[in-house]
Number of protein chains: 2
Amino acid sequence: MSKCEQCIVREFSSLKALNKEELLKMANCKTSYTIKKGESIFEEGESVNGIYCIKDGVCKLSKLSANGKDQIVKLVKPGELLGQRSMISDEPTNLSAVALEDMEVCFIPKSEVLGFFNNNNQFSMNVMKTICGDLKESDDHMVSMAQKTVKERLAETLLYLEDTFGKNEDGSLHIQLSREELAGMIGTATESCIRLLSEFNKNGLIDINGKRISIIEKNKLKRMAE
Amino acid sequence: MSKCEQCIVREFSSLKALNKEELLKMANCKTSYTIKKGESIFEEGESVNGIYCIKDGVCKLSKLSANGKDQIVKLVKPGELLGQRSMISDEPTNLSAVALEDMEVCFIPKSEVLGFFNNNNQFSMNVMKTICGDLKESDDHMVSMAQKTVKERLAETLLYLEDTFGKNEDGSLHIQLSREELAGMIGTATESCIRLLSEFNKNGLIDINGKRISIIEKNKLKRMAE
DNA sequence: ATTAAAGTATGACAAATATCATATTTTAAT
DNA sequence: ATTAAAATATGATATTTGTCATACTTTAAT
């Protein structure tokens with residue numbers, strides 16, 4: 001069992017407020033998992049009895065809509081925590097978490113987290129701030145969905161992907177989504193997404209090389225996204 | 001200055017975790033406001049240095065989108081708290097709060113609330129749970145915006161308004177929104193909203209009498225909203 | 001009471017987007 | 001290496017939704 005004390009990603013999450021003693025306690029009760037690309041960490045409707053700390057890999061949080069399409073609500077990356085909302089509300093999750101890459105995650109049981117809440121105010125405040133940040137993001141995202149065109153949302157999403165997950169040596173987006181997943185992020189039909197990508201490509205805004213997408217005209221995309 | 005101890009709405013919010021002593025302290029530092037219909041409590045971009053407890057009246061939380069339309073993110077009713085997100089994140093609000101009816105609200109300064117956070121764990125947990133509930137609502141709302149048609153969203157919204165704010169003796173929705181505001185809730189153009197209301201009316205799903213809207217075929221609307 | 005302004009309503013049309021069909025390319029399995 | 005399945009691409013078309021114009025109605029101010 002690896003020590004949480006030495007885990008770097010901890011520094012990027014609410015867990016950075018924990019002291020040595022708490023970290024030791026946590027290391028003793030955590031469970032580590034390896035999750036292969038495409039596998040799920042939890043599914044919509046399941047109860048999550050703790051939180052997952054993401055050590056490596058990116059996953060998508062999505063919700064199946066009535067028309068059978070999977071809407072991606074958020075991407076979660078190393079250092080972030082997963083399942084806080086559901087654990088705190090004491091409700092089944094409203095979202096599924098599926099790995100977009102091979103992942104390493106640690107599960108920390110609810111009882112442990114609640115103990116930290118009670119004894120470590122800074123930790124509580126950190127979690128609260130994170131959730132408040134998620135709420136702001138979600139509200140803003142909602143307004144985008146309601147008010148922006150698909151083209152604007154695609155531009156916005158491509159920029160977000162580059163800013164958040166970086167790019168490879170060849171300049172292409174590091175995170176690779178299928179067209180269907182990209183469509184699921186911007187909330188449109190897969191065909192519409194593909195069509196607009198082709199258009200962006202034709203207009204020299206991006207370069208497409210199979211699954212590899214590179215942003216060429218960042219400023220034009222920014223203007224387009226408003 | 002009225003006593004918080006005797007304020008009924010407190011029972012419906014996170015504030016119910018406060019003890020007598022805390023309530024007395026709060027009563028001493030709170031400020032009461034009367035806000036007329038149409039006036040704002042705070043505007044997008046302002047810093048909110050505390051939370052507002054709504055004693056009476058309903059307000060809308062909205063965000064101005066790039067195309068100049070006001071997207072309504074949430075309606076807030078008596079008993080609920082306002083401004084928590086912004087206060088906790090220590091960021092300017094991303095939303096404006098405007099009264100839909102004459103309102104009575106109390107402002108509780110940040111220093112006071114932070115004190116409660118430090119000394120009253122149940123209060124912290126209550127606030128956390130509320131924000132988690134808001135987050136779930138917002139995510140679900142986002143998926144609706146992305147995946148449902150305007151017609152489905154209108155049906156959904158009408159049902160929500162009846163369920164949440166009730167109806168008058170004549171059966172019409174108690175909360176009265178302008179067509180523009182209703183359009184702002186469902187994320188569509190005012191004309192589209194009016195057109196669909198007319199259609200619903202023609203098909204006997206609802207009854208329109210000027211500003212008064214009554215739901216006639218609740219089940220059909222439910223099926224339509226999916 | 002009269003008038004102006006705001007809100008509501010509807011038609012005509014344009015633009016955005018979804019759907020269906022089908023072709024091509026890539027990926028994975030045998 | 002061959003084949004089947006999945007993913008990507010694109011055209012044709014239908015549907016949804018937005019925009020602009022205009023008329024009507026209600027509300028509020030003088």
Side-chain angles (χ1 to χ4, degrees), chain A residues 36-39 65-71 98 100-101 144-158 172-173 176-203 206-214 224-226, chain B residues 36-38 65-71 98 100 144-158 172-173 176-203 206-214 224-226:
Chain A
K36 291 241 173 300
K37 179 175 174 171
E39 289 178 358
S65 73
N67 60 26
K69 284 182 188 162
D70 217 34
Q71 175 69 33
V98 173
L100 291 175
E101 310 169 338
S144 280
M145 289 296 178
Q147 301 286 354
K148 290 188 177 175
T149 64
V150 173
K151 194 182 284 191
E152 288 165 345
R153 280 181 270 151
L154 175 57
E156 185 174 63
T157 301
L158 291 172
S172 64
L173 297 180
Q176 289 205 355
L177 300 171
S178 68
R179 303 292 191 263
E180 191 180 359
E181 284 167 333
L182 191 53
M185 281 196 76
I186 67 183
T188 189
T190 307
E191 295 96 323
S192 300
C193 175
I194 290 173
R195 227 180 287 275
L196 285 172
L197 281 174
S198 299
E199 189 187 315
F200 283 11
N201 185 30
K202 228 167 260 168
N203 298 342
I206 64 174
D207 182 72
I208 299 181
N209 195 325
K211 253 193 158 53
R212 294 177 177 274
I213 298 176
S214 309
M224 181 178 278
E226 277 170 330
Chain B
K36 291 242 173 299
K37 178 175 175 171
S65 74
N67 60 27
K69 283 181 191 167
D70 216 36
Q71 176 68 33
V98 174
L100 291 174
S144 279
M145 288 297 178
Q147 301 286 353
K148 290 188 177 176
T149 64
V150 174
K151 195 184 282 192
E152 288 165 345
R153 281 181 271 151
L154 175 58
E156 185 174 64
T157 301
L158 291 173
S172 64
L173 297 180
Q176 289 204 356
L177 300 171
S178 68
R179 302 293 192 264
E180 191 179 0
E181 284 168 332
L182 190 53
M185 282 197 75
I186 67 183
T188 190
T190 306
E191 296 95 322
S192 300
C193 175
I194 291 174
R195 227 180 287 276
L196 285 172
L197 281 173
S198 298
E199 189 187 315
F200 283 11
N201 185 30
K202 231 168 254 166
N203 298 341
I206 64 174
D207 182 73
I208 299 181
N209 195 324
K211 252 195 161 50
R212 294 178 176 275
I213 298 175
S214 309
M224 181 177 279
E226 277 170 330

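Treat the numbers as computed from the prediction; the structure is a model and nothing was measured.
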Euclidean distance, atom CZ of residue A/Arg212 to atom P of C/dT26 [Å, nearest integer]: 14 Å
Interatomic distance where CG belongs to B/Asn201 and P belongs to C/dA9 [whole Å]: 9 Å
Nucleotide D/dT8, atom P - distance to CD of A/Glu180 in whole Å: 8 Å
A/Gln71 side chain to A/Gly184 backbone, donor-acceptor under 3.5 Å: yes
Minimum-distance nucleotide (side-chain atoms of B/Arg179 versus D/dT17, C/dT8, D/dT19): C/dT8
From CA spacing to verdict: salt bridge (charged side-chain N to carboxylate O under 4.0 Å, His left out), B/Glu226, B/Lys148: CA-CA 9 Å; B/Glu226 277 170 330; B/Lys148 290 188 177 176; 5.8 Å; no
B/Asp207 side, atom CG; B/Asn201 side, atom CG - distance, nearest 0.5 Å: 6.0 Å
Distance in angstrom units between B/Phe200 CZ and C/dT8 P, rounded: 17 Å
Check: B/Arg153 side chain, B/Ile186 main-chain N or O, donor-acceptor pair, under 3.5 Å: yes
A/Arg195 side-chain proximity, nearest of C/dT19, C/dT17, C/dT10: C/dT19
Residue met sooner reading DNA chain C from 5', once A/Leu196 and A/Lys211 are mapped to nucleotides: A/Leu196
Gap between atoms NZ and P, on A/Lys148 and D/dT17 respectively (whole Å): 20 Å
Residue-phosphate contact under 4.0 Å: A/Thr190 side-chain N/O, D/dA7 OP1/OP2: no
d(NZ, A/Lys151; P, C/dA18) in whole Å: 14 Å
Position toward the 5' end of DNA chain D (nearest nucleotide), B/Lys69 or B/Gly210: B/Lys69
Of the listed nucleotides D/dT17, C/dT8, C/dA21, the one nearest the side chain of B/Ile194: C/dT8
Nearest to side-chain heavy atoms of A/Ser192, which nucleotide of C/dC20, C/dT17, D/dA9: C/dT17
